[in-house]
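Here's the structure, in C-alpha cells; my notes come after.
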Amino acid sequence: MTFSQFNMDSRLAEAVAQAGYSTPTPIQDKTIPIALEGTDVLGLAQTGTGKTAAFLLPILQRLTDGPRRRTRALILAPTRELAEQIHEETIKLSGRTGIRSAAVYGGVSKRNQIAAFRKGTEIIIACPGRLLDHLGERAIDLSRVEVLVLDEADRMFDMGFLPDVRRIIAGLPRQRQNLFFSATMPDKIRDLADHTLHNAASVQIGLIAPAETVSHALYPVSTDRKKELLYSLLNSTESDRALIFTRTKHRARSLAVSLEKKGYRVAALQGNMSQNARQRSISGFRSGRYDLLVATDIASRGIDVIQISHVINFDVPDTVDAYIHRIGRTGRVGKAGQAYTLAVGDDASMVREIEKVLASPIERRRLEGFDYAGFNPEAQFGRGDRRGYQTPRRPGGSDSRRRRSSPGPKRYRSRPVRPN
Ligand code: AMP
C-alpha cells in the first residue's frame, strides 16, 4: 500500500513524501478513502497511530479546491500542546498548496491569532475555551466551516470541555463533514457522536490495546525506595530519551529538581508552568537538549517526539486510559518502546485493572543489585506471568540488547547539566 492509491493532489503527495511517510498506517488506510468521499467518520484510535494525517490529508485535499482565505475547516483539540502539534503537522503536509492554518489557544496573546483570522486562514486548530472567547468577541467567522474535527474527544470530556464543544458545534453550519477521534468511547462521547455525526463510518484501530511495539515491565518497590530505584534504573538503562510520569504537578516539579541535582539533563512539563516554559521543555526534549522529561498526564497530551524509547511511570496512573495514553508516547509507528512502571503496594488493584485491558500479566522485574530494603513484591503483586520475576542485568529487554550492538547507543549517566 502506498499513498498514491488515494489519488491526492500532487502537491500533497509531494509533502507526504517529504515528511518521509512511505506507507499509510492502518488508521490512515481505513480513514483517508472514506473521509475523501465526504463521509463522517468516528475513529477509535490513540495518539501515535498516525491519526492526525488521517484527518488532515482529506481536509487538505478538499481545500485545494474552492475558495481560499476563509475558514473552511475547524479542528478542536483538548490541549495547547496538541493544537500546536496538529498545526505543525498541517504546515508539513500542506506543502506548496499555500493553505494556511492557525493554532488558537489560551495563555498567549490574542493579537497574533486575530491577525491570522484577518489575513484569512483556511484551517483553524483550536482549544475550546479560547475559541469561544474569539467567538464572543466576534473576532472569528466560522459560518463557512465545511469540516469539523474533534480530536481526542475522550480527553475533552475528561477535562470538562464538552459543554464548550457543544456550544461551538451549535454555531457551525449544519451542512458539514464531521470527523471524530477518540482513544476510548465513554457514554458521553457516544452520545455526542450520535447527535452530531450523520451516517458515520466507524473506524477502529486496536481498541484501547496499546501499540504492539511496546513492551511492559513492572518494578514493584516500597514507597521510600522509589526514587532510588528510579535513579538505578536510569543509570542501568540504555535509551534515547525517556518520558517520566508523575501523578501530580508538584511531584513532577520536585522529581525534575531531584534528577537535575543528580546531574541528569531533565525538564519538567506540568500545568502550573507558563505556556512559554512548557514550550521550552517540549522543544528542548525534542531537540535532545534534555534526555528526560518529567510530566503530568494532562501536560503531556500529544507530545510528539518519535524517539522516545522509554516511558517510565514513576507513579501508577489513576485510570487505565491514562496508562494507555502515557505509553502511547513510545513504540510509535513501528519503533520499539519500553514502558516501565514503578508500583508500590497501594497500586496493586490498578495494576490488575491495567492487566485486564492488556489481556496479559505485565512482566515483573527486580533490578539486580538494588537494595530493596526487605520489600517483598510477591506479597502484593503476585508472580506475574508463569516466568515469575525477571532480573535483567540491563533493563530494556530485547530492544536494548539489539541496540547495544548497533552504533551510537546511549546510556543515561550522571552528566553535568548544561547551563540554559
Ligand atoms: P499521530 O498519531 O498523528 O500523533 O502520529 C504519530 C507520529 O507518526 C507523528 O510523528 C507522525 O509524523 C508520524 N506518522 C504519521 N503517519 C505516518 C506514516 N504513514 N509513516 C510514518 N510516520 C507517520
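Order of listing sets the numbers, starting from 1, for every ligand and every atom in it. Here the structure is a predicted model, which is why all the values come from computation and not from measurement.
- Ion pairing between a basic and an acidic side chain is recognised when a charged N comes within 4.0 Å of a carboxylate O; Lys92 and Glu89 show such pairing.
- Ionic pairing of Arg11 and Glu14 is not present here: no N-O contact between side-chain nitrogen and carboxylate oxygen is shorter than 4.0 angstrom.
- The contact set between ligand 1 and Phe3, taken as ligand atoms under 4.0 Å from a residue heavy atom, comprises 19 (N).
- At a 3.5 angstrom cut-off on N or O pairs, Gly50 counts as close to ligand 1.
- Of the inter-residue distances, the one linking Asp9 atom CG with Asn7 atom CG reads 11.0 Å to the nearest 0.5 angstrom.
- Of all atoms in ligand 1, numbered sequentially from 1 with element shown, those under 4.0 Å from a heavy atom of Thr25 are 17 (C), 18 (C), 19 (N).
- Using a cutoff of 4.0 Å between basic side-chain nitrogens and carboxylate oxygens, Glu122 and Arg72 are not scored as salt-bridged.
- Salt-bridge annotation for Arg286 and Glu88: present, with a side-chain N of the basic residue lying under 4.0 Å from a carboxylate O of the acidic one.
- Listed by atom number, the atoms of ligand 1 under 4.0 Å from Thr52 heavy atoms are 1 (P), 3 (O), 4 (O).
- Across Glu152, Lys92, Gln28, heavy-atom proximity to atom 16 (N) of ligand 1 is greatest for Gln28.
- Contact annotation for Phe55 and ligand 1: no heavy atom of the residue comes within less than 4.0 Å of the ligand.
- Looking at ligand 1, you'll find an N or O of Thr23 within less than 3.5 Å of one of its N or O atoms.
- Taking a cut-off of under 4.0 Å to the non-hydrogen atoms of Glu89, the atoms of ligand 1 that pass are 12 (O).
- Here the straight-line distance linking atom NE2 of His310 with atom CG of Leu292 works out to 11.0 Å at 0.5 Å rounding.
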